[in-house]
Amino acid sequence: MADFLTKKEDNYAQWYNDLVIKADMAENSAVRGCMVIKPYGYAIWEKVQSELDRLFKQSGHVNAYFPLFIPKSFFAKEADHVEGFAKECAVVTHYRLRNNKDGRGIEVDPEARLEEELIIRPTSETIIWNTYKNWIQSYRDLPLLINQWANVVRWEMRTRLFLRTAEFLWQEGHTAHATKNEAIEETKTIINLYEHFAQDFMGIPVLKGYKSDSEKFAGAVDTYAIEALMQDGKALQAGTSHFLGQNFAKAFDVRFTDKSGELQYVWSTSWGVSTRLIGALIMAHGDNNGLVLPPNLAPVQVVIIPIYKGNTQLDSISATALKIKSELEKSGLRVKYDDRDTHKPGFKFAEYELKGVPVRLAIGPRDVENGTAEVARRDTMEKEVISLDKVTDHVTGLMTDIQKNIFSKSLAFRDKNTFRIDDWDEFRNTIENKGGFILAHWDGTAETEEKIKNETKATIRVIPLDNETEDGKCIYSGKPSKQRVVFARAY
RNA sequence: CGGGAUGUAGCGCAGUCAGGCUAGCGCACUACGUUCGGGACGUAGGGGUCGGGAGUUCGAAUCUCCCCAUCCCGACCA
């Protein structure tokens, strides 16, 4: 396992800090567990955003934006939903400040109390359904396929950089459908889209399935999820897609007239992924030299570094480098030429490794003379000298290779850390000492699930879709079971 | 919210137990010079209300009380 995950390495702070810093307001800090995402970390998020957005639009979705504030009363309308989120809401109670009586500092003006408190959205179902009510009258208004890019706030007891911050960026889709089947299809379409994105863009293999009742989203009929395995053996829920049935439609009275003139409640879904994905990227692929980014999401795919003494050398090297840069860009690559003379080559090498740039080209006087460049790949740290006329093809090929290699490395890791277990002691022992995914039989009851969680901290991550049936006995209760489910300790 | 730990320069830390030189070290930063194919070296510099407030004392980073924040372990969660 990479040392950075245990926070033992010196450079952990350094390269983590390169992406993000934890908000730290100087005095009486109330900004607890919030992130400042620095430009490089944000550039990765922007890549995630643009690729996902493209996929959403391909499947017929459009973007919109809804208010940050949600009246408290909206929350009370769906019973499970309020129960799920009530404990972690930030609440706005006043709308004005005034000068302190003693003339020093400011205080909340007690006269300016809001008649109804506003909740800072922890998720937008309620305000969106309150709005949809007015948008949906007829079957002709359906389906409504809307996504929102936004920030949300959840006042978690305990925060964790990237994985669980008090404020986070995400996308949340909220769709309305005329039929139950269509809504279920939408839920599946999206979880498949997330799976595709995780595996083919992020290079992270995921298990796809649905959640047990106790792990479901508050207010959902069914929750589908993708689960990834991190290098420390813990599972990370990387994306969820919820079939909400008619729960929110009934809570917010969203009805439409169908083709036969009858009034019906709509069927709905919601789904989302967050900046947690950046955390997944870090923990799934990172090594002791820093980040390892999959080419499909790397803000910079190729960095070119000149090695030179003096300006004369730099000029001739730059001419070569810029030519290569434009060739690479012509074949669609994101390229950076770093000719800063304030840092030495060795420093730059280390810096871009820290940032996870997939391929590095180094060009020095020797290369100019021989018509070559040194090509180094981040995932394997291998270097080779390539002649300039072949460089573009070679690097283009490397992008595909690296993308594949990162994925298969993660897949091999997951396979190595996935265990089929039928014995309770072995189950406990594996969870405690090895981590990873455990495929085990479960009797299907919430009681058993709860007991396993209490004794081992392992939860059912997913009940895999398209699971093969198999007769067996519950790992804990010994009662009969028809299929294996996936257990793990999770973030 | 319970148990434990921590808070000193941008980052990482020593000093606190046992109060007392002008509050230190490494990295980073600035200037000049030499360097430049794997995180350069030398010389000279800059940067601190020691998390905040109150108290004890001739004297507080150090002792006492209160508050705030962070990290780890629980409960909660994308």
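Each chain gets a letter, A, B and so on, in the order its sequence line appears, and its residues count up from 1. Keep in mind that this is a model prediction, so the values were computed, not measured.
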Whom does [N] pair with, Watson-Crick or G-U wobble, provided both distances fall under 3.5 Å?
N: B:G37; result: none
N: B:G42; result: B:C32
N: B:A61; result: none
N: B:C27; result: B:G10
N: B:C77; result: none
N: B:U22; result: none
N: B:U56; result: none

Between [X] ([atom1]) and [N] ([atom2]), how many Å, whole number?
X: A:M381; N: B:G38; atom1: CE; atom2: C1'; answer: 10 Å
X: A:E353; N: B:G38; atom1: CD; atom2: C1'; answer: 8 Å
X: A:R366; N: B:C36; atom1: CZ; atom2: P; answer: 13 Å
X: A:F85; N: B:C77; atom1: CZ; atom2: P; answer: 9 Å
X: A:I190; N: B:A78; atom1: CD1; atom2: C1'; answer: 16 Å
X: A:I363; N: B:C36; atom1: CD1; atom2: P; answer: 19 Å

ask   = Does any pair with a residue in residues 216-237 of chain A pass ring pair (Phe, Tyr, Trp, His ring centres under 6.0 Å), and if so which ones, sequence neighbours excluded?
value = A:H81-A:F217, A:F85-A:F217, A:F217-A:H242

query = OP1 or OP2 of B:C77 less than 4.0 angstrom from a side-chain nitrogen or oxygen of A:K211, does that happen here?
reply = no

message = Measuring to OP1 and OP2 of B:G37, would you say a side-chain N or O of A:K344 lies under 4.0 angstrom away?
response = yes

ask   = For RNA chain B, what residues of residues 430-439 of chain A have any heavy atom nearer than 4.0 Å?
value = none

task = With the side chain of A:I307 defined as its heavy atoms from C-beta on, choose the nearest nucleotide among B:C36, B:A78, B:G39.
result = B:C36

Closest-nucleotide ordering on RNA chain B, the 5'-leading residue of A:K457 and A:P345 = A:P345

task = Let me know, please, whether A:A362 or A:L236 comes out on the 5' side of the other along RNA chain B by nearest nucleotide.
result = A:A362

query = So A:Y132 and A:F66, would you call those rings parallel, tilted or perpendicular, with 30° and 60° as cut-offs?
reply = perpendicular

Acceptor/donor pairs from residues 304-317 of chain A side chains to any protein atom, 3.5 angstrom cut, sequence neighbours excluded:
{"unit_1": "A:Q313", "atom_1": "OE1", "unit_2": "A:K309", "atom_2": "N", "d": "2.6"}
{"unit_1": "A:S316", "atom_1": "OG", "unit_2": "A:Q313", "atom_2": "O", "d": "3.1"}

